[in-house]
Asker: 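Take a look at the following structure, please.
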Amino acid sequence: MAVISSASPVSIASLFRPIRKYPTLPDLVITATSTRCLSSLSQPMDDRQQPGSKKRVVVCGGGIIGVCTAYFLAKKGAAVTLVEKSSAACAASGKAGGFLALDWCDGGPVESLARASFNLHRSLSEELNGPDSYGYRPLTNLSITVTESGPSSPSGSKTIGTTQTTAQVHPQLFTRTLLNTAVEKYGVEVVIGKLEQLRVEEGRVGSVVLEGGRVIESDSVVLSLGPWTGKFEMLASMFRVSGLKAHSIVLEPKDAGAITPHALFLSFHPQGGKAMDPEVYPRPTGEVYICGMSAEEEVPDDPEQIVGNPASIAMLKRVGKSVSSHLREGEARVKAEQACFLPCTDDGVPIIGEVPGMKGCYVATGHSCWGILNGPATGAAVAELVLEVRATIVDLSRFSPARFIGRRRVKV
């Protein structure tokens, strides 16, 4: 038997942290019976498959990719256990902008994935009451030039997306709504714990071992670890997934009705600095999300330890007040100053597919800034792959981790 372990420990925390109460979006509930806490387990424990039971799949990672995968697997009849080491949507899946685009990836390797996923978002919104549950709405996008020391009104406005081709969601609420539905409707079990080992017998994964000794027997495992993929030695030895640290702030203007529903893609010229490209997303909750200021940094072990760089946060506040007088200090309350890590691959293409040489072990990561958009199609396509049914969502061959075989892996 081979035992494959992760590189470093991560502390166990509660899975679901309180969700901010928004005026139009209801809180979500995960029942106590659906969640087990590893800290209460003092002895190793085995979860044995019963004769005639469904295919058992363990999905590791409670971000958008893992949750979408768990949702579609369970909907198709699998017995799914979702393992999350911290809290659902606690990292990029909770702190992203939630922007969706039908055709912005056209001409690139993720074109088919993005188009399929945009349409799946629309279907999921109809199924889950997206406008009320997680702020789904089509919206128009504008490209605008803003000079900090110039006129008070932005200039050079150009429409670059319409309500037919672009939309938005509140990413944390979308992820948690999907997970809540997967638990309540399709029987997904959520387990708090840190993945420690994969046990492999005769080239096939047989179980997952969590920190503290719990063993979860499985027929298949899906590793959707986001930027923490590099912390798992078995995957890190095959390919590199780095973390791009992206900053954002969330503002709540006093006069939310004065903010029009347009996503803004800026060419921002700060006084005394180089031009930059921040983005501004008004939300139907009355909030305004502003993001930008990205740099590659080492990913910390614990997602709860991620904090924004003060200079980057300050710059985003300057962006806000330059865009609208309603976003200036005194006119808008700062609800969040935050940062997250986007999982990026060396070739810029997501890694989705079965791990070479290890039957029943799949990986889904590396979606960079398009994780929220491409989550549904990735999850649905991985579910088809794991359950060995005909692919109807997208051809995953171009995303296979097998493309890295033969390349020399140099640690940096």
Asker: Side chains of E384 and K76: closer than 4.5 Å at any heavy-atom pair?
Answerer: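 Yes - at least one pair of side-chain heavy atoms lies under 4.5 Å apart.
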Asker: When the aromatic ring centroids of H121 and F174 are compared, is their separation below 6.0 Å?
Answerer: yes
Asker: Once rounded to the nearest 0.5 Å, what's the spacing between atom OG1 of T81 and atom CG of L73?
Answerer: 11.0 Å
Asker: Kindly give the heavy-atom pair with the smallest separation between G97 and R283, and that separation in Å.
Answerer: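 Scanning both residues completely, I find the closest heavy atoms to be O-NH2, 3.7 Å.
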Asker: Here's a test for you: under ring pair (Phe, Tyr, Trp, His ring centres under 6.0 Å), which of F118, Y136, Y289, W104 qualifies with F99?
Answerer: W104
Asker: Let me confirm one number: the SG-NZ distance from C340 to K95, rounded to the nearest 0.5 Å.
Answerer: 7.0 Å
Asker: Which word best sums up how the rings of F404 and F239 line up, parallel for under 30°, tilted for 30 to 60°, or perpendicular for over 60°?
Answerer: tilted
Asker: Checking S324 side chain against G320 main chain: does a donor-acceptor pair fall under 3.5 Å?
Answerer: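 No, because the side chain of S324 does not come within donor-acceptor range (under 3.5 Å) of the backbone of G320.
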Asker: Under a 3.5 Å distance rule, please check whether T166 uses its side chain to pair with a backbone N or O of L139 as donor and acceptor.
Answerer: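 Between the backbone of L139 and the side chain of T166 there is a qualifying donor-acceptor contact (under 3.5 Å).
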Asker: Going by atom types alone, do T365 and T229 pair a side-chain donor with an acceptor below 3.5 Å?
Answerer: yes
Asker: State the CG-OG distance between L128 and S133, to the nearest 0.5 angstrom.
Answerer: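 Taking CG in L128 and OG in S133, the distance rounds to 6.5 Å.
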Asker: Heavy-atom distance under 4.5 Å between the side chains of L142 and K158, does that happen here?
Answerer: no
Asker: For residues L210 and L195, report the shortest heavy-atom separation together with the two atoms involved.
Answerer: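 Taking every non-hydrogen atom into account, CD2-CA, 4.0 Å.
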Asker: After noting the C-alpha distance and the side-chain angles of H262 and T260, does the key distance pass the side-chain hydrogen bond (donor to acceptor under 3.5 Å, both in side chains) rule?
Answerer: CA-CA 6 Å; H262 296 90; T260 61; 2.9 Å; yes
Asker: Do NZ/NE/NH1/NH2 and the carboxylate oxygens of K321 and E331 come within less than 4.0 Å?
Answerer: no
Asker: Could you tell me if the side chain of H326 sits less than 4.5 Å from the side chain of L251, heavy atoms only?
Answerer: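 Counting from C-beta outward, L251 and H326 never come under 4.5 Å.
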Asker: So does K55 pair up with D219, basic N to acidic O under 4.0 Å?
Answerer: no
Asker: Could you check if a side-chain atom of V57 sits within less than 4.5 angstrom of a side-chain atom of Y362, using non-hydrogen atoms only?
Answerer: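 Not in contact.
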Asker: Taking only Lys NZ, Arg NE, NH1 and NH2, and the carboxylate oxygens of Asp or Glu, determine whether K85 and D302 approach each other closer than 4.0 Å.
Answerer: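 Salt bridge absent between K85 and D302.
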Asker: Report yes or no: does R398 contribute a side-chain atom to a donor-acceptor pair with the main-chain N or O of P109 at less than 3.5 Å?
Answerer: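 Here the side-chain-to-backbone pair exists.
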Asker: I'd like to know if the side chain of E189 reaches the main chain of V80, judged simply by a donor and an acceptor atom lying under 3.5 Å from each other, with no hydrogens or angles considered.
Answerer: no
Asker: If you count the non-hydrogen atoms of other residues, nucleotides and ligands that lie under 6.0 Å from CD in E127, is the total more than 12?
Answerer: yes
Asker: Side-chain contact, heavy-atom cut-off 4.5 Å: W370 with L113?
Answerer: no
Asker: When you compare the side chain of T378 with that of S117, does any pair of heavy atoms fall below 4.5 Å?
Answerer: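 SC-SC contact between S117 and T378 ruled out.
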Asker: Count the heavy atoms belonging to other residues, nucleotides or ligands that lie under 6.0 Å from CD of E297, then report whether that count exceeds 12.
Answerer: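 More than 12 heavy atoms, drawn from other residues, nucleotides or ligands, come within 6.0 Å of this atom.
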Asker: Go through the steps to decide whether E184 and R176 satisfy the test salt bridge (Lys or Arg N to Asp or Glu O under 4.0 Å), and finish with yes or no.
Answerer: CA-CA 12 Å; E184 302 259 331; R176 293 186 175 184; over 6 Å; no
Asker: Side chains of Q168 and Y281, heavy atoms from C-beta outward: is any pair under 4.5 Å?
Answerer: yes
Asker: Check whether any side-chain heavy atom of V169 lies under 4.5 Å from a side-chain heavy atom of L173, and answer yes or no.
Answerer: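 Not in contact.
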Asker: Does this structure show an ion pair linking E148 with K317, if we count only N-O contacts that are shorter than 4.0 Å?
Answerer: no
Asker: Rounded to the nearest 0.5 Å, what's the gap from OG on S218 to CZ on R204? Could you check?
Answerer: 9.5 Å
Asker: Can you measure from CD1 (I372) to CD1 (I65) and round to the nearest 0.5 angstrom?
Answerer: 7.5 Å
Asker: Just verifying a value: how many Å separate S112 OG and R115 CZ, rounded to the nearest 0.5 Å?
Answerer: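 Rounded to the nearest 0.5 Å, the OG-CZ separation comes to 10.0 Å.
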